[in-house]
Every structure is written in structure tokens, then in C-alpha cells.
Amino acid sequence: MPMPMPLPQPMVSPAMTGNNAFPGTAGMMPMGVPGGVMMPPMAAPSGSMITPAGTTMPLPTEESYVENILRMNLGKVATLYMTYENNSEWNAKIFKGVLEAAGRDHIIISDPATGRRFLLLTLNLDYITFDEPLNYTLPFGTQG
């Protein structure tokens, strides 16, 4: 009966057997690293994405979303047309006021006559009208 061949043992560099910079990796040979020396990952610049290969890519610039367009037009009077499903009192409602803030899921307006503020969910937003020209620049936040 033939004797089974022993399995090959991983190669270990002398740098990896002592005080290792990465705990739990002593005696392990990283794949694809010349000389078997592990390097700490590089810091990615803020606003970047790291690919599986370890390279960094900048994230796309800000795009034209309603929240960004509204932010470019804070202080203007807006008319917001909203609908509310399954509401027995009113299904549609119109709000008019000064645009104070806009977020991913909400819009805040105020009534200049009463000072009353409304926090409206964009989930219910159908459309918005303005009685004056809009500020609108792309990519968001740049001039041109």
C-alpha cells in the first residue's frame, strides 16, 4: 500500500514569527504579498470608497435631489402640494410658506403671517411651486 504524501506547509517569514503587528496572524502567509510581509491598510481619503482590490475611488459628486434643490432656495416662498392616503378628513392638502430647511425625508416651512412652522414629510409630497426663479446649480454646491 502506498504511503500518503504529506501536505505542504505554509511558508513563514522570520518577521511573522515574532512580535506581530497583526494579532492572530503569526505563522500565516498572506496570499499575493511579496516576501510574505503584511502591510497595514492604507487610509482612504474622506469621501472615498475602497474597492476589493484595495484601491480608492472618489464617490460621485452630489446629484440633483429635491432636498438639495430646496436647500439652494431656502428663504423663498414655496407652495407644497401633499396627499395623504386613507385620511377621512382630507386626502390632499396645500401648504404655503417660507422654506426654512430641507432634509432627506422632511421639509420645514413657516407661515410669515402667524410664525407657525410646519414639518412636512417628503413621503407625502406631490410637487412644489415657487413664484420666483429658483437657484439651481449642478453639481450641487458649485458655481457655474
Side-chain angles (χ1 to χ4, degrees), residues 5-144:
M5 299 270 305
L7 294 174
Q9 297 297 314
M11 294 179 62
V12 179
S13 70
M16 297 182 74
T17 58
N19 193 358
N20 204 335
F22 298 99
T25 59
M28 294 177 58
M29 172 95 173
M31 295 285 214
V33 179
V37 178
M38 293 183 76
M39 299 295 292
M42 292 179 33
S46 178
S48 295
M49 175 177 67
I50 300 176
T51 66
T55 59
T56 59
M57 292 176 43
L59 293 174
T61 57
E62 200 70 45
E63 295 183 21
S64 177
Y65 292 108
V66 170
E67 65 185 279
N68 294 333
I69 296 167
L70 293 175
R71 286 177 187 155
M72 286 186 261
N73 292 280
L74 296 179
K76 295 187 178 186
V77 175
T79 305
L80 293 87
Y81 297 84
M82 316 283 282
T83 54
Y84 299 88
E85 291 184 33
N86 304 319
N87 189 319
S88 60
E89 292 182 41
W90 35 265
N91 181 278
K93 193 157 174 95
I94 299 171
F95 296 88
K96 186 167 187 166
V98 176
L99 191 57
E100 290 195 0
R104 269 193 172 163
D105 63 348
H106 66 277
I107 301 166
I108 299 174
I109 61 169
S110 63
D111 180 349
T114 64
R116 189 174 188 185
R117 287 178 171 69
F118 298 89
L119 173 63
L120 305 168
L121 299 180
T122 54
L123 174 72
N124 303 109
L125 179 66
D126 292 324
Y127 63 97
I128 304 171
T129 61
F130 292 87
D131 293 333
E132 60 185 296
L134 295 178
N135 297 324
Y136 186 77
T137 55
L138 287 176
F140 174 67
T142 63
Q143 298 300 317

Report summary line: For I128 and A78 the tightest heavy-atom approach is CG2-CB, 3.9 Å

Query raised in the report: Atom CD in E100, atom CG in L74: separation rounded to 0.5 Å?
Result: 9.0 Å

Report task. Given side chain to side chain contact (heavy atoms under 4.5 Å, CB included), test M72 with L134 step by step and report yes or no. Result -> CA-CA 8 Å; M72 286 186 261; L134 295 178; over 6 Å; no

Query raised in the report: Quick one: CG on D131 to NZ on K76, what's the gap to the nearest 0.5 Å?
Result: 11.0 Å

Query raised in the report: What's the spacing between L80 CG and L120 CG if we round to 0.5 Å?
Result: 6.0 Å

**Report entry** For the student: nearest non-hydrogen atoms of E85 and N91, plus distance
**Finding:** CA-ND2, 4.3 Å

Report task. State, with a plain yes or no, whether a side-chain heavy atom of L70 is found less than 4.5 Å away from one of I107. Result -> yes

Report task. Report yes or no: does R71 contribute a side-chain atom to a donor-acceptor pair with the main-chain N or O of A102 at less than 3.5 Å? Result -> yes

Query - Distance in Å, K93 NZ paired with T83 OG1, rounded so as to fall on 0.5 Å steps - result: 13.0 Å

Query - Gap between atom CG of L123 and atom NE2 of H106 - 0.5 Å precision - result: 14.0 Å

Requested in this report: Take the angle between the ring planes of Y84 and F95 and call it parallel below 30°, perpendicular above 60°, tilted in between.
Outcome: perpendicular

Report task. Look only at the side chain of N73 and the backbone of N135, and say whether a donor-acceptor pair between them is shorter than 3.5 Å. Result -> yes

Requested in this report: State, to 0.1 Å, how close M82 and L121 come at their nearest heavy-atom pair, and which atoms those are.
Outcome: CE-O, 3.3 Å

Query raised in the report: How long is the gap from CG on L99 to CZ on F130, to the nearest 0.5 Å?
Result: 5.5 Å

Report summary line: Of all heavy-atom pairs linking I109 and K96, the shortest is CD1-C, 4.0 Å

